[in-house]
Amino acid sequence: MSENSLPAIGIPRALLYYRYGALWEHFFRALGVSTVLSPPGSRGLLEAGAALAPDEGCLSLKMFIGHVDALIGRCERIFIPRYSNYGYTELFCTRYEALYDQARNIFRSSGQRFITCNIDVQNGSPEGAAYERLGVELGHGARESRRAWREASRALEQRQKAEERAQKERVKQPGMKVLVAGHSYILSDPYMGKPVLDQLEKAGAVSLRADALEPETARKACARFSPTCRWIVSEEIVGGVSLWKEKVDGIILVSAFPCGPDSMTNELLIRRIKGIPILTLVLDTQSGTAGVETRLESFLDIIRFQRGEGV
Ligand code: SF4
């Protein structure tokens with residue numbers, strides 16, 4: 001804790017937290033920097049975010065702004081990295097890149113301080129160098145910051161390997177299996193995607209996730225399935241679907257309204273995958289997951305029918 005007893009860094013538990021959270025937490029811990037996480041996603045956070053975010057923002061952005069709002073005044077600085085690209089052909093959704101400036105603008109009169117780091121290989125700022133600069137900005141040496149980033153990267157890799165291993169065990173379970181594909185920040189959020197996974201389990205299906213794969217493996221699989229996909233996270237979802245699809249009875253594509261990348265990749269998946277029932281669920285601010293239950297039940301009935309289980 002700092003002198004005024006607030007944690008030094010606040011981390012919004014949304015968007016890229018669900019991809020890089022293990023890295024961020026390990027990085028700050030290795031430098032002895034205290035952190036606080038915003039509470040788990042909820043209707044209240046989404047409503048708060050929706051009231052503050054631009055109307056045209058996607059559901060995930062609105063939820064993110066709600067998380068930032070929950071951290072205002074609860075930490076010295078809120079950490080919002082700008083993830084732009086890993087190179088000319090490896091791009092992130094542009095919303096990730098704009099988050100830091102957007103949040104600073106939305107909360108400009110709050111007096112809250114923010115901190116970022118720029119991951120932008122196209123403009124000479126690779127990930128390691130960006131985190132090294134972040135460590136230095138927080139008052140640590142370059143060497144110490146580099147070491148913290150290396151350790152944090154290993155922690156993230158281990159987390160990803162563990163998730164893939166756990167899913168390989170789940171896929172061996174008997175019974176109907178349904179693959180759920182979507183951004184990790186949708187599927188892991190307790191208000192947005194998690195109810196879909198919970199309902200599947202409640203209905204007796206084994207739910208698998210397309211994002212439970214090491215990113216490198218998923219991107220290679222995507223390159224074989226569709227070499228023109230350009231957004232890194234979308235590539236990983238497509239790669240995950242292409243690898244797990246043989247082992248499941250049905251696929252559910254879960255998206256946040258209005259997501260540009262998903263509108264293209266979902267179309268690609270629907271056109272290319274044959275012989276497996278696919279359900280598309282688009283979540284928006286108004287409905288959340290309301291009405292999803294009925295659609296899921298009908299979808300599971302179709303799968304049961306196809307499996308010869310009768311309905
Ligand atoms: S990928 Fe889609 S859901 Fe995610 S931030 Fe971009 S527009 Fe929103």
Please confirm whether the backbone N or O of Glu76 pairs with a side-chain atom of Gln112, one donor and one acceptor, at under 3.5 Å? yes

Leu59-Tyr17 co-clustered via ILVMFWY side chain contacts under 4.5 Å: yes

Hey, are the side chains of Tyr18 and Asp211 touching, using non-hydrogen atoms and a 4.5 Å cut-off? no

Among the clusters formed by ILVMFWY side chains lying less than 4.5 Å apart, do Leu16 and Tyr191 turn up in the same one? yes

So, does Glu144 use its side chain to make a donor-acceptor pair with the main chain of Leu31 at under 3.5 Å? no

If you take all heavy atoms of Phe299 and Gly250, which pair is closest and at what distance? CZ-CA, 4.1 Å

Thinking salt bridges, do Arg133 and Glu137 make one under a 4.0 Å N-O criterion? no

List the atom of Pro54, the atom of Ile106, and the distance in Å for their closest heavy-atom pair. CD-CD1, 4.4 Å

Apply side chain to side chain contact (heavy atoms under 4.5 Å, CB included) to the pair Leu134 and Trp24, showing each step before the final yes or no. CA-CA 11 Å; Leu134 173 65; Trp24 299 341; over 6 Å; no

Treat each ILVMFWY residue as a node, draw an edge where side-chain heavy atoms are under 4.5 Å apart, and state whether Val33 and Leu37 are in one component. yes

What is the ring orientation for Tyr83 with Tyr131, classed by angle as parallel under 30°, tilted 30 to 60°, or perpendicular over 60°? tilted

Which pair of non-hydrogen atoms, one from Leu6 and one from Gly73, has the smallest distance, and what is that distance? CD2-O, 3.8 Å

Judged by modelled atom types alone, do Asn118 and Ser125 share a side-chain donor-acceptor pair under 3.5 Å? no

Is any side-chain heavy atom of Phe114 closer than 4.5 Å to a side-chain heavy atom of Phe107? yes

What are the two closest non-hydrogen atoms of Glu132 and Ala142, and how far apart are they? OE2-CB, 3.5 Å

Could you give the distance from CG (Asp262) to CD1 (Ile237), rounded to the nearest 0.5 Å? 5.5 Å

Quick check: does any side chain N or O of Lys194 sit under 3.5 Å from a backbone N or O of Met192, one acting as donor and the other as acceptor? no

Is a donor from one side chain sitting under 3.5 angstrom from an acceptor on the other, for Arg209 and Ser188? yes

Report the distance from atom OG1 of Thr35 to atom CZ of Phe79, rounding to the nearest 0.5 Å. 11.0 Å

Leu279 and Leu296: side chain to side chain contact (heavy atoms under 4.5 Å, CB included), yes or no, with the steps? CA-CA 8 Å; Leu279 172 70; Leu296 275 182; 4.1 Å; yes

Between the CZ atom in Arg219 and the CD1 atom in Ile232, the distance rounded to the nearest 0.5 Å is 5.5 Å

Nearest 0.5 Å please: distance from the CG atom of Leu46 over to the CG atom of Asp284. 9.5 Å

Evaluate whether atom CG of Asn105 has more than 12 neighbouring non-hydrogen atoms of other residues, nucleotides or ligands under 6.0 angstrom away. yes

Do Lys62 side-chain atoms and Ala51 backbone N/O form a donor-acceptor pair below 3.5 Å? no

Test log, rule side chain to side chain contact (heavy atoms under 4.5 Å, CB included), inputs Glu127 and Tyr86: CA-CA 8 Å; Glu127 210 168 11; Tyr86 282 158; 3.2 Å; yes

Please determine which of Arg304, Arg307, Lys177 meets the salt bridge (charged side-chain N to carboxylate O under 4.0 Å, His left out) test together with Asp249. Arg307

Contact summary for Gln122 and Gly87, nearest pair of heavy atoms: NE2-O, 3.3 Å

Would you give me the side-chain donor-acceptor pairs under 3.5 Å for residues 149-161, sequence neighbours excluded?
residue : atom : partner : partner atom : Å
Ser153  : OG   : Trp149  : O            : 2.9
Lys161  : NZ   : Glu214  : OE1          : 3.4

So Leu138 and Arg77, do their side chains get closer than 4.5 Å, heavy atoms only? yes

Please answer: with hydrophobic residues joined when any side-chain heavy atoms are less than 4.5 Å apart, are Trp231 and Tyr96 in the same cluster? no

Does a side-chain N-to-carboxylate-O contact under 4.0 Å join Arg271 and Glu267? yes

When rounded to the nearest 0.5 angstrom, what is the spacing between OG in Ser242 and CG in Leu213? 8.5 Å

Answer yes if Ile251 and Ile270 sit in the same cluster of Ile, Leu, Val, Met, Phe, Trp and Tyr residues linked by side chain heavy atoms under 4.5 Å apart, and no otherwise. yes

So CG of Leu179 and CD of Glu246: to nearest 0.5 Å the spacing works out to 11.0 Å

Salt bridge or not for Glu25 and Arg29, using N-O below 4.0 Å? no

So with a 6.0 Å cut-off around CZ of Phe257, is the heavy-atom count from everything else above 12? no

Start with the C-alpha distance between Ile72 and Ile78, add both sets of side-chain angles, then the distance that settles side chain to side chain contact (heavy atoms under 4.5 Å, CB included), and finish with yes or no. CA-CA 8 Å; Ile72 299 290; Ile78 298 177; 4.0 Å; yes

For Pro40 and His67, which heavy atoms make the closest approach, and how far apart are they? C-CE1, 4.1 Å

If the test is salt bridge (charged side-chain N to carboxylate O under 4.0 Å, His left out), which one of Arg95, Arg108, Arg82 qualifies with Asp101? Arg82

